[in-house]
Amino acid sequence: MRPPVHIQERVTSAKGVHMSTESSYLKRTTHCGILRPEHIGQEVTLNGWVHRRRDHGGLIFLDLRDRSGLVQVVFDPEIGNEAWQTAHDVRAEFVMAVRGQVRQRPEGTENPGLATGEVEVAVTQADVLNPAQTPPIAIADTGEVDDMVRMKYRYLDLRTERMQRNLQLRHRAAHAVRNFLTEEGFWEVETPSLFRPTPEGARDYLVPSRVSPGNFYALPQSPQIMKQLLMVSGVERYFQLARCFRDEDLRADRQPEHTQIDMELSFVDREDIYDLTERLFVHLFDASIGHELPVPFPRMTHAEAMARYGTDKPDLRFGMELIDLSEIAAQVDFKVFSGTVAQGGQVKGICAKGCGDYPRAQLDVLTEFAQQHKAQGLAWMRVVEDGVDSPIAKFFTAEQITSIVAAFGAEPGDLLLMVADQPAIVAESLDWLRREMARRENLIPEGTFAPLWVSDFPLFTWDADARRWDAEHHPFCMPHPDDRELLQTDPGQVRALAYDVVINGVEMGSGSIRIHRRDIQQQVFDIMGIDAQQAEEKFGFLLKAFEYGTPPHGGIAPGFDRLVMLLAGEDNIREVIAFPKTQKAQCLMSGAPSTVAPEALRDLHIRLNLPPQD
RNA sequence: GGGGCUGUAGCUCAGUCGGUUUUAGAGUGCCACCCUGUCAAGGUGGAAGUCGCGGGUUCGAGUCCCGUCAGCCCCGCCA
């Protein structure tokens, strides 16, 4: 645990500060959460919210809350009768100013559960600065509240301890990033939010231009092009906590606007970026939550990650790797296995340690689960002393069973789960199954972080519908130097100098070394079917810039929201975003998006063409 | 666009096989009163409901059916 945060704010004196009659009130001299026995005897004034109220008729206790925490304030008619009268009428979330003396609590009434629990403030003067309606969210309670209510009254939700902690953590994280990168010689450069629509990638949020009828800006999906131009500009080391916008459907880890720690560096190779990112993360984890992240991060190629985990973002907090049984499976009498391999498919599986006692009904549930994730079915074997217990055991010789069990390194009491299918489906279903089994068996240790680098992504993916090659990452990724010849012969085999940093199975950021030579760029465009004229239309300004002396450069863009989510121990980025949007990209608090006045549309030369309503 | 879960008092929830087990309940909050060492204070009493919305089945619907809206999780999508 980290020490409590001491709020160091100047006590505003009346001198030199504008205090109109209306705004004159008892201003705080200190904060609630920092009071300790050392303050006993001091006269203090506190400003804050009523957290809880305990009215004994004679004595009234309030827990007064501000950003720093809670302290008990006592209203005693013999000490401050007028204040005591005031305290009768206050309720939860009233904003108050109280003045009184810090004193030791009477013996036996200390509250060890409270940081300030050894002391209390005996109130002599109290003002209600503002009353409050009964809030729809009980700030003092820790129970779950419906997401709809939380988002509609976000400003109240943010008062809860959890959200205050998350907001503060996010601030500390941002501060740590800025400090570290500044020390490393980076310049923070802001790039425009109103930019040119990009033809590739996600759907753009568009902003119509009033002065250029029929033309639109786009909110940037990322400052990718701009940061590369900054390398051409000689900035050499750029970063920005950049807001990025994508008009795509939401997930637990995706919001329509999110923040990236956007970085770009000149005269670097992959190792430089790995090293920099690792040191950034080490500093970030230490400065924000005091966690020591081990370096260097393990590394894995994309191919290896797919083979061993069935995903390009494996969660390394637990094992249960995928085992390839295709060789054995090719020779068995079980047609589902041998036939699949004969047709170019694979048979792979995972070994769930100690799950050999799963009853048939549970295995049916797992089978259904695998099928929901595209597998045709799920073959299972319970490993027992003298072989396996399985409905498909009869298709295997004793020798084959022994080799399967050996391939998994399995022991009696284990459960083997196998999928036979095309490689992509085997990978996807076993990835899901692996994570599901880890969840069921509680294999994921809390409070641990397992980072890794995944590298050598394919440069292109084949778009079967459009019958063309698409950039896997983006079209400015440098092809792997060893694969330059394959560009001509077999584009699907070309690896990119691209890398993802993954933590706990979440993609935390991706980057690449960029193409800085015009001829290579044109080669990549050619493969993607973008001819010189199209390239000129789409990226002309960038390509032109590249003709004026472009340094070799590369970068990475860790997702800031996801990092903070991880640091906070949350499983949804909404919890670390002050004002998030719903899955339909709406803001329940403000009602955005909303209709606009017809005149506003007219100014923008826009006519609506809405779908018919019943 | 698709699949799943959820929707009952301000909040968190219960509500059985469709019915006299109610006038749809509980906890908390709220209101009133009592109470001088509590800290989830306690006690007594009270108010509080468009059972998300619309339609249907039925003698009878919070409960069953259809549609719809909203929130969440997932697929598609997200270079």
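Since we're looking at a predicted model, the values are computed, not measured. Every chain is numbered from 1 and lettered A, B, ... according to where its sequence line falls, protein lines coming before strand lines.
- By the salt bridge (charged side-chain N to carboxylate O under 4.0 Å, His left out) test, A:Asp141 is found to be paired with A:Arg52, residues two or more places apart in sequence or in another chain being considered.
- As rounded to the nearest Å, B:G60 and B:G2 have C1' atoms that lie 37 Å from one another.
- The closest donor-acceptor contact from the side chain of A:Arg162 to the backbone of A:Arg159 lies at 3.5 Å or more, if one exists at all.
- Here B:G25 sits opposite B:C13 as a Watson-Crick or G-U wobble pair (both hydrogen-bonding atom distances under 3.5 Å).
- In the displayed structure, A:Glu441 atom CD is contacted under 6.0 Å by more than 12 heavy atoms of other residues, nucleotides or ligands.
- B:G49 and B:G76 have their C1' atoms separated by 40 Å, given to the nearest Å.
- Within a 6.0 Å sphere centred on CZ of A:Phe216, other residues, nucleotides and ligands contribute more than 12 heavy atoms.
- If you check every strand for non-hydrogen atoms under 4.0 Å, A:Glu472 touches sugar and phosphate atoms only.
- Across all strands shown, B:C5 forms a Watson-Crick or G-U wobble pair with B:G71, both key distances being under 3.5 Å.
- Counting non-hydrogen atoms under 4.0 angstrom, A:Arg103 reaches a base of the nucleic acid.
- A donor-acceptor contact under 3.5 Å is not formed by the side chain of A:Glu107 with the base of B:G37.
- Backbone-only contact: A:Ala202 has heavy atoms under 4.0 Å from sugar-phosphate atoms and none from a base.
- A salt bridge links A:Asp63 to A:Arg54: one of the charged nitrogens lies within less than 4.0 Å of a carboxylate oxygen.
- Stacking of the aromatic ring of A:His56 onto the base of B:G42 is not found under the criterion of centres within 5.5 Å and planes under 30°.
- The one candidate from A:Gln586, A:Glu257, A:Gln255 that meets the side-chain hydrogen bond (donor to acceptor under 3.5 Å, both in side chains) condition with A:Lys581 is A:Glu257.
- For the pair A:Asn572 and A:Arg246, nearest-nucleotide mapping onto RNA chain B gives the more 5' position to A:Asn572.
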Heavy atoms under 4.0 Å is the rule here; annotate nucleotides 26-32 of chain B 5' to 3' with B where the base is hit, S where only the sugar-phosphate is, and - elsewhere.
-> ---SSSS
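- No engagement by A:Gln133 is indicated, since no non-hydrogen atom pair under 4.0 Å with the nucleic acid exists.
- Checked against salt bridge (charged side-chain N to carboxylate O under 4.0 Å, His left out), A:Arg99 has no partners two or more places apart in sequence or in another chain.
- Looking at heavy-atom distances under 4.0 Å, A:Pro136 makes contact with sugar-phosphate atoms alone, never a base.
- Annotation: ring pair (Phe, Tyr, Trp, His ring centres under 6.0 Å) contacts of A:His56 (sequence neighbours excluded): A:Phe61.
- The base of B:C77 is paired with the side chain of A:Arg254 by a donor and an acceptor separated by under 3.5 Å.
- B:U6 and B:U21: their P atoms are spaced 29 Å apart (whole Å).
- In the set B:U36, B:G71, B:U38, B:G71 carries the atom at the smallest distance from any side-chain atom of A:Met151.
- Within 4.0 Å of A:Gly201, counting heavy atoms only, lie sugar-phosphate atoms of the nucleic acid but no base atom.
- A:Trp432 comes within 4.0 angstrom of sugar-phosphate atoms only, judged by non-hydrogen atoms across all strands, and of no base.
- Relative to the side chain of A:Val145, the nucleotides B:C35, B:C75, B:C11 differ in distance, and B:C11 lies closest.
- Nucleotides B:U16 and B:G7 have their P atoms positioned 13 Å apart, rounded to a whole Å.
- Comparing B:C39, B:G71, B:U36 against the side chain of A:Gln586 picks out B:G71 as the nearest.
- Not a single donor-acceptor pair, N or O on each side, falls under 3.5 Å between the base of B:U36 and the side chain of A:Arg54.
- Within 4.0 Å (heavy atoms only), A:Thr461 reaches no atom of the nucleic acid at all.
- Between A:Pro475 and A:Met528, the shortest heavy-atom contact is CB-SD, 4.0 Å.
- A:Arg150 comes within contact range of no nucleotide atom at all, as no heavy-atom separation falls under 4.0 Å.
- Atom-to-atom, CZ of A:Arg65 to C1' of B:A40 comes out at 16 Å; the value is rounded to the nearest Å.
- B:C30: Watson-Crick or G-U partner is B:G46, with both key distances under 3.5 Å.
- If you check every strand for non-hydrogen atoms under 4.0 Å, A:Asp247 touches nothing.
- Across B:G1 and B:U68, the matching P atoms stand 12 Å from one another, rounded to whole Å.
- Counting non-hydrogen atoms under 4.0 angstrom, A:Glu507 reaches nothing in the nucleic acid.
- For the C1' atoms, the distance linking B:U28 with B:U23 amounts to 23 Å, nearest Å.
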Treat primed atoms plus P, OP1 and OP2 as sugar-phosphate and everything else as base, then score nucleotides 1-8 of chain B 5' to 3': B for base contact with protein heavy atoms under 4.0 Å, S for sugar-phosphate contact only, - for none.
-> B-------
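- Comparing the same atom, P, in B:G62 and in B:G56 gives a spacing of 15 Å after rounding to whole Å.
- Residue A:Lys584 has a polar side-chain atom (N or O) positioned under 4.0 Å from OP1 or OP2 of B:A70.
- Qualifying ring pair (Phe, Tyr, Trp, His ring centres under 6.0 Å) partners for A:Phe525, counting only residues two or more places apart in sequence or in other chains: A:Phe539.
- Taking the charged nitrogens against the carboxylate oxygens, A:Arg150 and A:Asp147 do have a contact shorter than 4.0 Å, which makes a salt bridge.
- A distance of about 27 Å separates the P atoms of B:G3 and B:G15, rounded to the whole Å.
- Put simply, the side chain of A:Thr311 gets close to the backbone of A:Lys313: a donor and an acceptor are under 3.5 Å apart.
- Base pairing annotation: B:G76 forms no Watson-Crick or G-U wobble pair, as no partner gives both donor-acceptor distances under 3.5 Å.
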